[in-house]
Amino acid sequence: MKWRLAVLASVLFSRLLVNFALTSQYRLGEPVRVRFDNYKIERSGSECTISRGVFWWKNEDVCNLRPAGTVAVTGTLSAGLIDRLMGRIWLEESSNYTWSEGDSGRQTPGKGLVFGIENFRAGLVRKTLARLPSPEGELILGIVLGYKSVLPKLFYDQLVNSGTVHIVVASGYNVMVVAGLMLSAMLVLGRRRAATLGAISVVWLYVLLAGGEVSLLRAAVMGSVVLVGLAWGRSTRITWSLALVVGVMLIVSPLLIENISFQLSVAATIGVALIGPYLARRWGRADPLELTTTLGALLATAPFIWWHFGRLSLISLVSNSLILPLVPILMFLGALTIVAAALISPLASVAAAPTYALAHLMVILISFFGGS
Amino acid sequence: MRKILCWSVVVTFLLLAWVMGQAPDGKLHLVFCDVGQGDAALVIRGSFQMLIDTGPKNGGVVACLGRQVPFWDRQIEIFVNSHPQADHIGALAEVEKRYQIGKKWLAAVAGDRIRYGDLDFDILWPAASDRVLGASTDLNQLSVVVAVNYGKFRALFTGDLGAEEERVLADSGRLTAVDVLKVAHHGSKYSSAAEFLSAVSPKLAVISVGKNNYGHPTSQALERLKAAGARIWRTDRQGELEIVW
């Protein structure tokens, strides 16, 4: 107990020190020009954020930037923009910043493993879209790989209106569903510990294929801790390990607490760690494949999903209740189709049929609840 | 475990049976996709599909194809481009990512003809001599005009053809009365000449149009269509349109 607290305290102290050093070199009233190169746009509600070093820029204009482009922002710093504890300097329109988009759209070519994975991912997307019509193909890519840049605008609007847009965002929930499904599948083949290791490997492979975003990496760390804990440890250890991981993440970046993806990851992990085993105990031998693992993640994330995406409207309650249970099945079938399309073409035609059928049912539900 | 497997198999078969309802019915379907300000139309009979124009990039033609073509059919037999402007061919790359295109008819000329069973496609415009480099600088003047004949049914697709070319076509005596006319140039006042409409006397005039700054469809074109006795359907008001024969 003592050493855990000591670790947490030292991480917190180091973090504050580094952040202060990073931001104290900038003075109030000083003009700054920040060039965001090859940025990644993070969407949160109607606003989007890009960052470079200590500089962060968040507003609605950011959402309209081209992905991976270049944009230069200039202005003067004010006290309200410098967040020394967080180590961040926020650039805001209200502080007289002017911005101009440079020769954006240039993608910096990646190298080595990252480049290979990106290429492989692009290949999966291309082959899947060639197998399935629109918007079912895009829905499957969104659900399985969190790949939403190809979603048609009309369908995206329907997802938003129906309160189900979260299903096309690769989040901790997806990671835990993958973990649960893989654990179930591997338990057919081997013993529990071997199956757990297999499931963890697939989870990390999934994270890489889904773009390796920080939110997914966080979820994968949490998921791995819990899966290992479930296979080897005691339930008190799992809870502590999870609390430690979450605590360290929050100390490093306290703003995570309001990050939807982080909340979903923690909820899904708690679902797998606590609700899943509880359901399994209740159902006893009736669940040899541990489908309760997936169900636990589903149940734990549902309140957060309804809160953030449904604005607690009646429509989203109904739409999510109908659509969410289909997500794990479509993830499984979709992953099968995507892999088959990439590796074994004739098998892809067979796998595509039930995958399309289920995706088509979801598209109809989403169009119905989201307005056509 | 056995129960789960049995239920999975039953549900899978039910879902498959449901989507198999997309199987073609053997009738002729003319579909006018809602692609905003642009043109994209599908002629479907059985497993045969001809796409006439694609509309603009991200206009929605791929979603339209997704709705109209069975999911297992990944081939569009023929693609005809009326003329190479962004609102007519801007989404070709998107279509090619999803479907194989059997034959691309990118520069058809009058006299070209394709037969597919009891379906006939006749190209009425432009003349081969008009395609000579420098003969015309206005791409609209070179719009491919396709006549679709299926039994007694006639449909005419006119791209962005202008009134002057329409009059030449009307004078040529090659036009017959049609059931469906794809109104030229999204209802521009510089198209749909009264002489042309009189020659084709359409029962139904379809205007493929979206939000625009040109005033399309113009009141002048709408008046002339009404005077010709045509019922008017518009994709901007009615969305995707389908005619089954």
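These numbers come from the heavy atoms of this one structure, side chains and all, not from hydrogens, waters or symmetry mates. Each chain gets a letter, A, B and so on, in the order the sequences are listed, and its residues count up from 1. Everything numeric in this text was worked out from a predicted model, so none of it was measured.
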Is A353(A) close to chain B through its backbone or its side chain, or both, or neither, when contacts mean heavy atoms under 4.5 Å?
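Contact with chain B is through both the backbone and side chain of A353(A).
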
Segment of P354(A) engaging chain B (4.5 angstrom heavy-atom cut-off):
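Its backbone and side chain both get close to chain B.
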
Just wondering, are more than 12 heavy atoms of other shown residues or ligands nearer than 6.0 Å to [atom1] in [X]?
X	atom1	result
Y190(B)	OH	no
Q100(B)	CD	no
F332(A)	CZ	no

With a 4.5 angstrom heavy-atom cut-off, could you sort out which part of Y99(B) is near chain A: side chain, backbone, both or neither?
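The answer is the side chain of Y99(B).
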
Can you list everything that forms a side chain to side chain donor-acceptor pair (under 3.5 Å) with R45(B)? Sequence neighbours excluded, please.
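Applying side chain to side chain donor-acceptor pair (under 3.5 Å) to R45(B) gives D118(B), Y150(B).
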
Partner residues of H360(A) under the ring-ring contact (aromatic ring centres under 6.0 Å, His included) criterion, sequence neighbours left out
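Residues passing ring-ring contact (aromatic ring centres under 6.0 Å, His included) with H360(A): Y356(A), W18(B).
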
With rounding to the nearest 0.5 Å, note down the distance linking CZ in R74(B) to CG in L132(A).
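So the gap between those two atoms works out to 6.5 Å.
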
Nearest 0.5 Å, what's the CG-OG1 distance between L15(B) and T355(A)?
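Answer rounded to 0.5 Å: 10.5 Å.
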
Under 4.5 Å, heavy atom to heavy atom: which of residues 133-144 of chain A reach chain B? Give them by number, or say none.
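Against chain B, the residues of residues 133-144 of chain A that fall inside the cut-off (heavy atoms, under 4.5 Å) are P133(A), S134(A), G137(A), E138(A).
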
Disulfide bond (SG atoms under 2.5 Å apart) contacts in which one or both residues fall within residues 48-83 of chain B, not counting sequence neighbours
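Those involving residues 48-83 of chain B are C33(B)-C64(B).
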
